[in-house]
Peer 1: 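Here you go, one structure.
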Amino acid sequence: MFEHLEKYAGDPIFRLNGEFHQNTHPRKVNLTIGLYYDDAGCIPVLPSVRTAEQRRASKAEPRPYLPMEGLASYRDAVQRLVFGADHQALQTGRVATIQSVGGTGALKVGADLLHAAFPDSEIWISDPAWDNHHSIFRGAGVKTHTYSYYDPATKSLRFDQMLAELRVLPPKSFVLLHPCCHNPTGVDLSQEQWLELIPVLAERGLIPFMDMAYQGFGAGLDEDAFAIRAMADAGLVFLVANSFSKNLSFYGERCGGLSVVCGSAQEAQDMLGQLQAVVRRIYSSPPWHGGQITSDVLNDPALYALWVREVADMRARIAIMRRQAHEQLRAKLPDYDSSYFVKQRGMFTYTGLSMPQLLALRERHGVYIIDSGRIAIPGLNTGNINDFTDAMADVLRAG
Ligand code: LMR
């Protein structure tokens with residue numbers, strides 16, 4: 001009955017992460033998946049999260065269904081975190097927010113919603129992209145295209161080209177944008193570039209979908225939300241997916257949010273109903289445990305302050321690894337320009353390594369980097385950075 005179905009080739013990120021775990025190389029290094037590891041190579045359990053969990057574990061709490069839109073306290077906290085507590089879009093009730101099943105769940109709900117609202121619209125996604133962006137929107141019936149973003153020659157942004165392409169899109173096209181820590185390249189727009197882009201989106205009547213999976217890993221929790229707040233200031237109608245997978249180290253709890261910035265409070269109220277309807281037909285309601293813990297951390301002033309420091313520590317460790325990779329490579333391979341390690345931001349760096357070089361890294365050195373050449377920096381630590389730069393220098397020398 002199902003023989004006609006194509007074999008699933010597997011996800012390029014999850015598949016290679018799985019292969020890494022099968023490899024028996026004694027000093028292997030996993031730079032595949034966007035997971036934050038601490039300097040000991042472990043996924044941290046943040047003390048803020050642990051404290052919230054311990055408090056809850058001491059009570060026997062029933063597990064009712066949450067409402068379709070999730071916990072009210074969670075949704076309020078998402079709004080404050082994403083938009084800033086005093087933002088006029090919140091004060092005027094123009095934002096409808098739901099608790100979503102991770103950032104991916106937010107993208108799926110948003111994709112279904114957009115397709116129902118504008119069935120003829122198509123989406124433009126950065127080139128290169130997180131592969132799943134294409135899959136999610138195609139899965140929702142939305143045709144996907146790319147806009148120019150990254151220039152392999154300079155390892156930086158093709159901003160003028162990007163702007164020129166967005167300027168001529170059909171009105172009501174969807175545009176997927178990363179407000180910070182672009183996945184996979186680590187190349188972001190500057191604040192000035194966002195301020196140049198936003199009027200183009202507005203004039204053209206485009207509908208931005210901001211995917212913020214790494215808030216706090218770029219420059220800071222508020223700084224990383226700059227583009228979202230500027231867009232809301234400019235009066236645009238747009239969507240924001242946010243995730244607690246990385247900044248709360250909460251991957252498997254599937255906690256995220258979807259916010260739709262609307263034209264008025266009435267529109268936002270109606271939008272919440274639409275979001276409930278989409279959620280009901282996909283998964284009915286979001287998970288209880290992760291929702292409560294996230295809400296506890298974000299709503300308790302002491303736990304929140306602790307969490308802000310924990311995010312700053314994770315961000316700082318990533319920056320240290322970037323710097324060490326750059327400095328060690330400069331010393332080992334003076335002719336190779338490794339400055340992109342420190343110019344790009346967030347979890348990922350785009351190396352431009354070729355497939356034969358990536359295979360050599362895997363086979364000779366046990367260093368796993370996905371086929372696009374994207375490195376997940378937090379896989380580096382003081383124990384393996386030297387092995388990593390030795391391995392890089394080895395394959396780069398070989399050409
Ligand atoms: C990544 O890009 O590695 C992460 O966002 C994990 C994922 O879901 O792909």
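What you see is a predicted model; the values in this text were computed from it and never measured. Each ligand, and each atom within it, is numbered from 1 in the order the structure gives.
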Peer 1: Side chain or backbone of Asn132 under 4.0 Å from ligand 1, or both, or neither, by non-hydrogen atoms?
Peer 2: neither
Peer 1: Are any of the heavy atoms in Tyr214 under 4.0 Å away from ligand 1?
Peer 2: yes
Peer 1: Please verify the inter-ring angle class for Tyr147 with Tyr149; under 30° counts as parallel, over 60° as perpendicular, anything in between as tilted.
Peer 2: perpendicular
Peer 1: Any idea which atoms of ligand 1 are less than 4.0 Å away from a heavy-atom of Ile13?
Peer 2: 1 (C), 2 (O), 3 (O), 9 (O)
Peer 1: Which of these, Met347, Lys246, Arg374, has its nearest heavy atom closest to atom 4 (C) of ligand 1?
Peer 2: Lys246
Peer 1: I need the nearest protein heavy-atom contact for atom 9 (O) of ligand 1: residue, atom name and distance, please.
Peer 2: Trp130 NE1, 3.0 Å
Peer 1: Give a yes-or-no answer on whether the side chains of Glu53 and His289 include a donor-acceptor pair shorter than 3.5 Å.
Peer 2: yes
Peer 1: I'd like to check which ligand 1 atoms, numbered from 1 as shown, lie under 4.0 Å from a non-hydrogen atom of Phe14.
Peer 2: 7 (C), 8 (O)
Peer 1: Return the orientation label for the Tyr150 and Tyr350 ring planes: parallel under 30°, perpendicular over 60°, tilted otherwise.
Peer 2: perpendicular
Peer 1: Heavy atom under 4.0 Å from ligand 1: found in Ile33's side chain, backbone, both, or neither?
Peer 2: both
Peer 1: With a 6.0 Å cut-off on ring centres, are Phe174 and Phe137 close enough?
Peer 2: no
Peer 1: Return yes or no for this condition: an N or O of Asp11 is under 3.5 Å from an N or O of ligand 1.
Peer 2: no
Peer 1: Give me the residue, atom name and distance of the protein heavy atom closest to atom 3 (O) of ligand 1.
Peer 2: Gly34 N, 2.7 Å
Peer 1: Could you tell me if the side chain of Met392 sits less than 4.5 Å from the side chain of Leu329, heavy atoms only?
Peer 2: yes
Peer 1: Please state whether the rings of Tyr214 and Phe348 are parallel, tilted or perpendicular, taking 30° and 60° as the class boundaries.
Peer 2: perpendicular
Peer 1: For residues His133 and Asp211, is any side-chain donor paired with an opposing acceptor at under 3.5 Å?
Peer 2: yes
